[in-house]
Amino acid sequence: MDLARTDLYLDGHWVTASSRKTLEVHNPTTEEVVATVPAGSAADVDRAVAAARAAFDGWAATAPADRAARLDRLHAALTARADEIARTVALELGTPLKVATRVQAGLPLTVLRGYVDLAGHPPAPETVGNSLVVREPVGVVGAITPWNYPLHQVVAKLAPALAAGCTVVLKPSELTPLTAYLLFDAIDEAGFPPGVVNLVPGTGPVVGEAVAAHPDVDMVSFTGSTATGRRIAHLAADRIARVALELGGKSANVILDDADLATAVKVGVGNAFLNSGQTCTAWTRMLVHRDRYDEALALAAKAAAGYRLGDPFDPATRLGPLVSAAQRERVRDHVARGLADGGRLVAGGPDAPLPERGWFVAPTVIADVDPDSALAQEEVFGPVLAVIPVDDDEHAVAVANNSRYGLAGAVWSGDEERALAVARRMRTGAVDVNGAPFNPLAPFGGYKQSGLGRELGTYGLEEFLQTKAIQR
Ligand code: NAD
């Protein structure tokens with residue numbers, strides 16, 4: 001199978017990139033190159049933004065029911081590719097196929113379905129005194145996305161932007177562009193008007209910067225690291241363009257003394273290790289009441305031992321590789337530093353056995369982590385769980401909030417009121433009580449350096465709307 005892609009998607013067509021430069025896509029399990037894609041240029045971004053600008057007035061004026069019908073066709077075209085998407089994510093990212101099918105392919109379909117419905121029912125104009133308050137699409141959106149959930153991160157921007165009446169230029173991650181190509185095959189099949197959705201693959205410093213700095217891009221919607229988000233906000237600030245930033249996290253899983261410990265630890269470890277720990281919302285700090293601490297560590301070690309590393313296409317595999325050699329090195333360094341800073345190894349670690357090939361890191365649990373140390377403060381983005389003892393609810397809240405991030409979190413207690421009281425005091429964008437399921441219609445986004453704005457559901461749609469007051 002030849003997975004190489006040679007074109008960009010501009011103005012409703014697959015077209016040749018302006019340069020012959022290409023980027024290699026690797027399989028992190030075998031470390032081999034599996035495909036190449038074009039390395040887009042600033043000139044390609046200019047072409048894409050011009051197409052999106054030209055398409056904007058028409059798409060903004062399209063009746064909501066028509067926009068919903070196009071998104072519905074896209075949903076059908078993506079659904080037909082769901083297996084291929086799951087396999088492609090397993091190939092280029094390393095997510096075990098079972099998880100890739102459920103999360104990497106399944107979740108974006110659910111999110112897109114929600115926006116088919118919302119596109120057909122835009123917010124109604126509101127009367128405020130003598131004013132008519134109307135909502136209008138913000139304009140041309142530059143979407144820049146990461147590799148860890150390569151379809152979901154794109155759909156969480158593209159679907160609400162299109163539903164709102166915006167046009168879009170997408171720059172997907174250079175590490176996982178093949179999934180974005182499958183999305184654009186589906187977009188092509190669904191038949192959007194030319195210029196409404198455009199794809200320019202390439203690197204961050206070249207294509208990403210060109211998108212973020214482009215004078216005709218009205219809004220930049222970014223998901224990725226806090227460092228890149230800061231750079232994008234600077235670029236957008238020069239022209240006062242709107243930004244939405246979904247950034248890093250270091251989320252706390254607070255386990256109180258009356259919790260169902262076996263469930264709390266098992267689910268907590270699973271959350272921290274999902275997608276090999278390459279999940280922005282991962283509960284990477286487990287805060288356990290001192291009275292239950294040793295018991296929790298034993299349970300965590302047992303749970304970690306159950307994570308079999310291997311080929312994502314092998315049904316027995318529970319943990320795939322990390323996305324790149326560089327990512328593996330970063331994670332190894334974090335583990336070494338965590339141990340040097342006084343952490344106690346409970347599972348995994350530098351000497352644990354690994355498959356011969358592939359960018360793997362063993363599922364690792366480190367106890368007695370100092371809440372101020374690097375391992376408790378920095379995003380690792382690998383299968384590494386830091387466990388910290390806490391004295392009581394007050395102390396748990398203080399340690400949970402001792403972070404420059406605030407993206408997600410969890411609380412476990414036999415007393416739901418007690419759990420809710422702790423959840424309310426956590427300075428973070430989302431908290432799950434006692435393992436409550438992810439809600440794809442709930443607002444998603446960060447406090448503090450985890451970002452600006454909210455994605456998903458009606459909150460995600462709002463991001464792409466302007467507000468106009470007409471007095472009469
Ligand atoms: P990254 O910031 O390195 O890259 C994200 C995207 O930005 C990529 O497409 C990249 O090419 C582009 N980029 C890089 N430099 C750029 C620049 N100077 N100008 C414009 N674009 C640039 O992040 P990553 O390594 O791909 O993803 C991992 C990070 O993303 C983690 O920190 C993780 O927490 C975060 N993340 C956050 C969320 C969320 O919703 N909050 C979701 C997933 C990932």
Side-chain angles (χ1 to χ4, degrees), residues 23 37 39-40 42 45 92-93 95 103-104 107-108 111 142-157 169-177 179-180 199-214 217 220-236 241 243-251 274-284 322-324 326-328 330-331 334 378-382 403-409 428-430 438 440 442-456 459-460 463:
L23 297 170
V37 298
V45 173
E92 65 178 352
L93 174 58
T95 308
V103 183
Q104 302 277 15
L107 176 60
V111 169
I144 302 175
T145 54
W147 43 264
N148 59 339
Y149 290 90
L151 183 62
H152 169 67
Q153 310 290 2
V154 175
V155 167
K157 301 181 183 318
V169 175
L170 170 70
K171 195 223 80 77
S173 169
E174 55 274 48
L175 295 178
T176 53
T179 308
L199 170 69
V200 185
T203 65
V206 176
V207 175
E209 295 244 347
V211 169
H214 204 290
V217 169
V220 186
S221 179
F222 170 76
T223 298
S225 63
T226 296
T228 306
R230 191 174 290 120
R231 170 74 184 145
I232 284 172
H234 277 291
L235 291 169
V243 286
L245 303 173
E246 298 289 348
L247 308 176
K250 190 77 200 178
S251 297
L274 177 67
N275 206 27
S276 293
Q278 302 166 120
T279 301
C280 51
T281 51
W283 306 336
T284 48
L322 299 185
V323 71
S324 66
Q327 188 69 16
R328 180 185 58 182
R330 270 200 290 275
V331 174
H334 276 294
E378 290 175 21
E379 189 176 47
V380 173
F381 238 52
S403 174
R404 64 178 179 278
Y405 295 115
L407 187 57
T428 188
F438 180 72
F444 179 93
Y447 282 32
K448 300 189 262 184
Q449 292 189 26
S450 289
L452 294 174
R454 292 293 178 269
E455 290 194 323
L456 303 183
Y459 298 84
E463 293 287 302

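What you see is a predicted model; the values in this text were computed from it and never measured. Every number for a ligand or one of its atoms is a count from 1 in the order of the listing.
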Test item: side-chain donor near acceptor, Lys157 and Ser221, under 3.5 Å: yes

Residue pair Thr279, Tyr149: steps toward the side-chain hydrogen bond (donor to acceptor under 3.5 Å, both in side chains) verdict: CA-CA 8 Å; Thr279 301; Tyr149 290 90; 2.6 Å; yes

Where Asn148 and Cys280 come nearest, the two heavy atoms and their spacing: ND2-N, 3.9 Å

Polar contact flag, side-chain donor to acceptor under 3.5 angstrom, Gln104-Thr95: yes

Exercise: do Glu92 and Thr179 side chains pair donor with acceptor under 3.5 Å: yes

Flag, side chain of Thr145 to backbone of Gln153, donor-acceptor distance under 3.5 Å: no

For ligand 1, the residues whose heavy atoms come within less than 4.0 Å (ordered by chain, then number): Ile144, Thr145, Pro146, Trp147, Asn148, Gln153, Lys171, Pro172, Ser173, Glu174, Gly204, Gly208, Glu209, Phe222, Thr223, Gly224, Ser225, Thr228, Arg231, Ile232, Glu246, Leu247, Gly248, Cys280, Glu379, Phe381, Leu407, Phe444

